[in-house]
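Below is one structure, written out as structure tokens, with a few remarks after it.
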Amino acid sequence: MSGESESLQALGWRAWLLSSSPRSRNQARLGRFYIAWLSFRSNHLAMLGLGIVLALIFMAVFAPLIAPYDPNAQVLADRLQYFSAEHWFGTDDFGRDIFSRIVYGSRLTLYIVILVAIIAAPIGLAVGTTAGYLGGWVDKVLMRITDIFLAFPKLVLALALVSALGPGIENAIIAIAITSWPPYARIARAETITIRNSDFISAVRLQGAGRLRIIWSHIVPLCTSSLIVRVTLDMAGIILTAAGLGFLGLGAQPPLPEWGAMISAGRKVLLDQWWVATVPGIAIFIVSLGFNLLGDGLRDVLDPKSGGQS
Amino acid sequence: MTNQTDRLSRAGAGFKGLSLPSPLRTVVNLITTVLLTFLGLLLVTFIIGRVVPIDPVLAIVGDRAPENVVERVREELGLNLPLYQQFFIYVWNVLQGDLGNSVLTANPVLEDIKRVFPATLELATVATFFGVILGVPMGVLAGVYQGRWPDQVIRVVGLLGYSIPVFWLGLMGLLIFYARWPWGELVPGPGRLDVFFDGLVDPVTGVLLIDSAMAGEWEIFWNAAWHLVLPASILGYFSLAYISRMTRSFMLEQLSQEYITTARVKGVPEWRVIWVHALGNVRVPLVTVIALSYANLLEGSVLTEIVFSWPGLGYYLTQSLLNADMNAVLGATMVVGAVFIGINLLSDLLYKLLDPRAR
């Protein structure tokens with residue numbers, strides 16, 4: 001124990017991380033992360049994406065401190081004002097400060113993205129690894145179901161689901177999640193099939209591990225990195241779909257400051273007060289771009305096999 | 001975007017996993033797959049229809065109807081039967097083209113869809129045309145000049161295409177080119193035609209460009225074409241982003257092959273190596289990509305149609321949705337899904353037809 005900390009002091013943390021003969025599993029793991037980070041850091045666009053996403057999180061967390069006004073405070077005397085020092089992005093048709101609404105809207109965007117990922121990724125992971133590891137008729141049935149969902153146009157299925165569940169942000173999240181999991185299942189299955197017959201799985205099986213244990217503790221961890229890449233890349237799509245539902249009036253309901261719904265409200269005054277619809281659109285664009293850049297960067301680092309192709 | 005790549009890889013995986021090279025077997029396999037997928041589609045729309053919190057019986061008789069009336073209507077609608085029987089009846093009706101009646105328009109849903117579908121078809125076709133005409137050459141150039149400026153352009157086009165909300169881009173297009181263009185309107189406003197041209201041409205096919213050309217009404221033809229430019233460009237941009245990206249990666253794959261080197265060594269001119277040899281081999285996967293992007297445009301047109309008040313399937317679907325017209329919503333969903341499956345099948349078949357290695 002003491003020897004390890006001594007050598008740590010002697011070498012410095014950088015050398016410790018980059019050591020070619022790690023002493024513990026954690027050292028190896030951290031070292032790998034560090035190397036990945038080094039290559040990620042050299043990708044300027046990916047860093048820009050990371051910056052945008054971090055800024056979004058920052059904005060969402062500290063919204064009450066950043067926003068100068070209450071996002072729902074209506075001042076009808078000040079409606080539809082142009083950019084000014086008091087109202088950086090102007091005001092909407094109820095005299096609400098657009099900048100404050102954008103800031104609070106980041107919370108909704110983040111809320112939607114995170115919940116969809118939390119619901120859809122585990123479903124896809126469970127279906128894909130089970131199908132891939134068990135094979136046989138289980139695989140056939142599960143993949144047939146996955147294919148059926150893949151054959152559906154995403155937005156239209158989400159529309160139909162929302163129409164059945166009723167409009168609202170929670171139902172929009174459920175609808176998007178139901179349409180998002182199939183690609184994850186396919187990825188997890190493909191990964192599982194390549195891992196399934198490797199020696200270390202056979203070794204674990206010979207030691208008497210059950211199927212559930214093999215899938216859960218030996219296959220799932222190996223599928224996560226490609227899944228994380230894919231989920232990050234999908235986040236832009238999730239944001240765009242959610243905004244589309246909001247725009248159609250089927251997602252977040254007024255007076256929630258959801259960006260898509262804000263565009264829809266601004267559409268009525270587009271020709272005269274163009275900024276009301278323009279500003280939230282730019283916000284959606286920047287955040288989607290951030291997730292796309294981050295996802296591309298992560299793919300290059302974590303999943304070099306498919307990198308460089310697009 | 002990513003969804004499309006999945007379908008593409010699936011199209012490829014389908015033929016690799018085939019044990020018997022017999023074409024008949026392939027076709028039978030494909031048809032079984034398609035039928036099962038279609039049945040799944042119907043199951044999903046059926047389930048969605050049953051989850052609806054609106055009780056269809058109450059919607060008809062009102063909530064003050066006596067018990068026996070409610071019971072009778074329930075029986076008439078077949079809602080007292082077990083679920084699996086209801087499902088069979090539903091499938092049977094759909095197969096006969098009976099999607100129920102729309103509450104909003106009081107027409108059979110299928111008739112409504114027949115009326116609005118050509119508008120969507122017209123929009124998506126012209127948009128795909130833009131996407132192919134521009135996207136394929138751009139993708140080829142990006143592949144040839146990898147890492148140089150044409151490649152960067154494609155990258156930016158792609159990133160924008162995957163990050164901009166289509167409905168917002170449509171609104172901005174209207175704002176700039178219609179409302180705020182300094183020298184009058186560059187493009188006409190929303191809709192398929194100027195108001196005074198409306199209803200002057202008999203809807204034979206429903207596709208205005210064809211109908212007006214057949215009737216010899218060239219003024220209407222040009223008006224319709226002019227109305228198409230902006231929405232089709234906006235929609236086509238997204239297909240351009242996808243098609244150029246895929247073309248680029250297909251080209252990169254081909255250009256690294258040895259036959260290209262051989263051709264160059266033999267002294268074949270460079271333009272021929274690129275546009276004939278390499279692009280010739282890209283043709284087959286490209287057909288699949290174009291078909292998939294076409295299918296996606298049918299869906300992507302939902303939001304575009306709303307922005308441009310384009311009376312197509314997406315507009316119909318959304319209007320029905322906002323009026324809780326469930327038959328119409330499910331009917332439209334089913335039709336879009338069926339077209340989707342159909343185009344996927346078609347692209348699979350084309351792939352097998354065009355690529356001798358897949359036979």
Side-chain angles (χ1 to χ4, degrees), chain A residues 45 144-145 147-157 159-167 182-183 186-187 190 230 233-234 236-237 239-240 243-244 247-250 259-260 263-264 266-267 270-272 274 277-278 280-282 284-293 296 308-310, chain B residues 1-3 5-7 9-10 33 36-37 39-41 43-45 48-49 51-53 158-160 162-169 171-172 174-175 179-180 245-246 248-249 252 295-296 298-300 302-303 306-307 314 317-318 320-322 324 326 329-330 332-333 336-337 340-341 344:
Chain A
L45 283 177
R144 175 64 58 214
I145 295 172
D147 279 352
I148 289 170
F149 275 91
L150 265 181
F152 255 110
K154 250 177 137 176
L155 181 68
V156 173
L157 179 58
L159 284 178
L161 281 167
V162 171
S163 75
L165 299 169
R186 296 205 72 88
I187 291 175
R230 185 54 195 268
L233 279 170
D234 275 1
I239 291 171
L240 293 181
F247 177 72
L248 293 174
L250 299 166
W259 296 343
I263 295 180
S264 168
R267 188 187 169 199
L270 179 74
L271 300 187
D272 298 310
W274 52 268
T278 307
I282 293 173
I284 297 173
F285 164 62
I286 291 175
V287 170
S288 309
L289 186 70
F291 277 110
N292 272 328
L293 291 174
D296 276 347
Q309 182 204 23
S310 47
Chain B
M1 128 209 160
T2 28
N3 229 345
T5 358
D6 278 333
R7 290 203 193 96
S9 62
R10 224 148 31 92
T33 311
L36 275 174
T37 316
L39 209 61
L41 175 84
L43 187 61
V44 172
T45 47
I48 293 176
V51 179
V52 187
L159 268 174
L160 295 184
Y162 298 133
S163 308
I164 297 180
V166 56
F167 53 95
W168 181 75
L169 195 62
L171 288 176
M172 292 302 113
L174 276 178
L175 179 66
R180 291 289 172 103
R245 221 179 207 208
M246 295 309 285
R248 172 186 177 272
S249 71
L252 283 179
N296 276 288
L298 287 180
E299 171 193 38
V302 173
L303 290 164
I306 299 300
V307 171
L317 176 66
T318 328
S320 319
L321 249 168
L322 294 174
M326 256 346 250
V329 171
L330 293 181
T333 308
V336 176
F340 225 66
I341 296 172
N344 273 323

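In what follows, every chain begins at residue 1, and chains take the letters A, B, ... in the order their sequences are listed.
- Here the closest non-hydrogen pair linking B:Ala179 and A:Leu271 is CB-CD2, 3.3 Å.
- Note that CG of A:Leu161 is 11.0 Å distant from OG1 of B:Thr45, once rounded to the nearest 0.5 Å.
- Scored by the side-chain contact (heavy atoms from CB on, under 4.5 Å) test, B:Ser163 finds A:Phe285, A:Ser288, A:Leu289, A:Asn292 as partners (sequence neighbours excluded).
- Between chain A and the options B:Val44, B:Leu174, B:Leu39, the largest number of non-hydrogen pairs under 4.5 Å is found for B:Val44.
- No donor-acceptor distance shorter than 3.5 angstrom exists from the side chain of A:Trp274 to the backbone of B:Leu175, with no hydrogens or angles considered.
- Heavy-atom distances place the side chain of B:Thr318, and not its backbone, under 4.5 Å from chain A.
- Taking all atoms of both residues into account, the shortest heavy-atom contact from B:Ile306 to A:Arg267 is O-NH2, 3.0 Å.
- When side chains are defined from C-beta on, A:Val156 counts as touching B:Val302, because their heavy atoms get closer than 4.5 Å.
- Of all heavy-atom pairs between B:Arg180 and A:Asp272, the closest is NH2-O, 3.5 Å.
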| Where do A:Ile148 and B:Leu41 land on the side chain to side chain contact (heavy atoms under 4.5 Å, CB included) test, with the steps shown first? | CA-CA 7 Å; A:Ile148 289 170; B:Leu41 175 84; 5.5 Å; no
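- Between the side chain of B:Trp168 and the main chain of A:Ile284, no donor-acceptor pair closer than 3.5 Å is present.
- Nearest heavy atom pair, residue A:Ala236 against residue B:Tyr162, reads CB-O, 4.0 Å.
- The two residues A:Ser163 and B:Met326 come nearest to each other via the heavy atoms OG-CE, 3.4 Å.
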| field | Full working for side chain to side chain contact (heavy atoms under 4.5 Å, CB included) between B:Leu303 and A:Leu155 | value | CA-CA 10 Å; B:Leu303 290 164; A:Leu155 181 68; 4.0 Å; yes
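- Here the closest heavy-atom approach between residue A:Ala160 and residue B:Val329 is recorded as CA-CG1, 4.3 Å.
- In terms of heavy-atom pairs under 4.5 Å with chain A, the best-connected choice from B:Val307, B:Leu43, B:Leu169, B:Leu160 is B:Val307.
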| request: Go through the steps for A:Asp147 and B:Thr37 under the test side chain to side chain contact (heavy atoms under 4.5 Å, CB included), then give the verdict. | output: CA-CA 7 Å; A:Asp147 279 352; B:Thr37 316; 5.6 Å; no
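- In this structure, no portion of A:Ile286 lies under 4.5 Å from any heavy atom of chain B.
- Residue B:Leu159 touches chain A through both its backbone and its side chain, counting heavy-atom pairs closer than 4.5 Å.
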| said: Assess the residue pair B:Met172 and A:Leu270 against the criterion (side chain to side chain contact (heavy atoms under 4.5 Å, CB included)); give the C-alpha distance rounded to whole Å, side-chain angles, the decisive distance to 0.1 Å, and a yes or no. | reply: CA-CA 9 Å; B:Met172 292 302 113; A:Leu270 179 74; 4.3 Å; yes
